[in-house]
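Just below is one structure, and these are the notes that go with it.
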Amino acid sequence: MAINLSKGQKINLTKEVPGLKEAIIGLGWDTNKYSGGYDFDLDASAFLVGENGRVNDDLDFVFYNNLNHPSGSVTHTGDNRTGDGDGDDEEIIIDFSKIPDNIGKIAITVTIHEAVQRSQNFGQVSNAFVRLVDKETGAEVLRYDLSEDFSIETALVFCEIYRHNGEWKFSAVGSGFQGGLAALCQNYGLEV
């Protein structure tokens, strides 16, 4: 049975799921229908950061235009432009055995494409969640439903997977940003 987390909770993946080799990070959401005239396009991304909290180079940013980290440790399965249907809208696969030693944390984020131009924000998004699935067994290990009511945010850090004393941990973050993808990139040390 999956563990349900609340904002701010952490779980030790190394202890809870011994032998976890690969994880599917499934992200999902529903958009509220409103008369803005534009469809929503939400995009998942992963920032692989060092101990200083910043990416080492541009290739440490995995997203719809860079689906694979050079190490093979993080793979984005592709952009879902509609978010329609049940289940995961986008997925990121993490292979723990391939994560480079200089990476201390993987931040999993979701942004709204062209949010400002389309007058869209996370106040118009509901039922957002992130879940971690053991790729080998298909078992859902944990789930974090982002129940907080966001309003003006156009980018969210859903969760972080980080290394601490040689063990991998999962943190339910649920932190919002204004400024969309550009704000997130700046936060993690990328020039935009």
Side-chain angles (χ1 to χ4, degrees), residues 5-10 25-69 74-84 88-92 94 102-131 144-162 170-192:
L5 298 178
S6 300
K7 182 174 181 164
Q9 283 189 299
K10 296 174 174 52
I25 308 301
L27 302 129
W29 49 79
D30 293 322
T31 55
N32 300 335
K33 304 299 178 205
Y34 78 111
S35 60
Y38 297 100
D39 290 334
F40 278 83
D41 180 11
L42 277 66
D43 298 309
S45 304
F47 291 88
L48 287 76
V49 299
E51 295 301 323
N52 63 356
R54 304 176 83 64
V55 297
N56 296 309
D57 75 37
D58 292 353
L59 295 176
D60 289 341
F61 173 42
V62 177
F63 68 118
Y64 56 83
N65 278 337
N66 176 35
L67 295 175
N68 299 293
H69 188 266
V74 176
T75 303
H76 191 303
T77 61
D79 187 13
N80 175 340
R81 293 179 179 255
T82 66
D84 290 341
D88 299 339
D89 290 310
E90 293 193 10
E91 293 179 337
I92 294 172
I94 298 174
N102 67 340
I103 301 299
K105 175 171 58 179
I106 301 169
I108 305 294
T109 67
V110 176
T111 55
I112 301 173
H113 184 66
E114 296 181 345
V116 174
Q117 299 90 317
R118 297 177 181 188
S119 299
Q120 296 173 344
N121 59 55
F122 274 98
Q124 298 153 326
V125 175
S126 58
N127 303 320
F129 68 86
V130 58
R131 65 192 194 111
Y144 166 43
D145 292 305
L146 284 78
S147 57
E148 182 175 333
D149 286 331
F150 294 99
S151 56
I152 58 174
E153 296 84 359
T154 55
L156 292 179
V157 178
F158 274 43
C159 65
E160 293 175 342
I161 296 167
Y162 63 98
F170 180 100
S171 176
V173 177
S175 175
F177 285 79
Q178 281 185 270
L181 186 57
L184 279 176
C185 287
Q186 290 171 344
N187 182 64
Y188 291 112
L190 283 173
E191 298 294 322
V192 278

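Every heavy atom of this structure was used, including side-chain atoms; hydrogens, water molecules and symmetry mates were not.
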Could you report the tightest heavy-atom contact between [X] and [Y], atom names first, then the distance?
X: F170; Y: C159; answer: CZ-CB, 3.4 Å
X: L5; Y: A172; answer: CB-CB, 4.2 Å
X: R118; Y: F40; answer: NH1-C, 4.4 Å
X: Y188; Y: E160; answer: OH-OE2, 3.9 Å
X: G180; Y: T111; answer: C-CG2, 4.2 Å
X: G174; Y: Y144; answer: CA-OH, 3.4 Å

With F177 as reference, evaluate T154, V157, L156 under the side chain to side chain contact (heavy atoms under 4.5 Å, CB included) test and give the passing residue.
->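 When T154, V157, L156 are each tested with F177, the side chain to side chain contact (heavy atoms under 4.5 Å, CB included) holds only for V157.
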Among D39, I112, D41, V125, the one residue meeting side chain to side chain contact (heavy atoms under 4.5 Å, CB included) with Q120 |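 Per the side chain to side chain contact (heavy atoms under 4.5 Å, CB included) rule, the option paired with Q120 is I112, out of D39, I112, D41, V125.
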Is there side-chain contact between [X] and [Y], with heavy atoms separated by less than 4.5 Å?
X: L42; Y: E90; value: no
X: R54; Y: V49; value: no
X: L27; Y: V110; value: yes
X: N121; Y: E153; value: no
X: I103; Y: N56; value: yes
X: F61; Y: L181; value: yes

Taking atom [atom1] of [X] and atom [atom2] of [Y], what is their separation to the nearest 0.5 Å?
X: T75; Y: I25; atom1: OG1; atom2: CD1; result: 12.0 Å
X: L48; Y: I94; atom1: CG; atom2: CD1; result: 7.5 Å
X: E191; Y: Q186; atom1: CD; atom2: CD; result: 8.0 Å
X: L59; Y: H69; atom1: CG; atom2: NE2; result: 7.0 Å
X: F47; Y: N187; atom1: CZ; atom2: CG; result: 8.0 Å
X: K7; Y: S171; atom1: NZ; atom2: OG; result: 10.5 Å

Return the orientation label for the F158 and W29 ring planes: parallel under 30°, perpendicular over 60°, tilted otherwise.
->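 It falls in the perpendicular class, over 60°.
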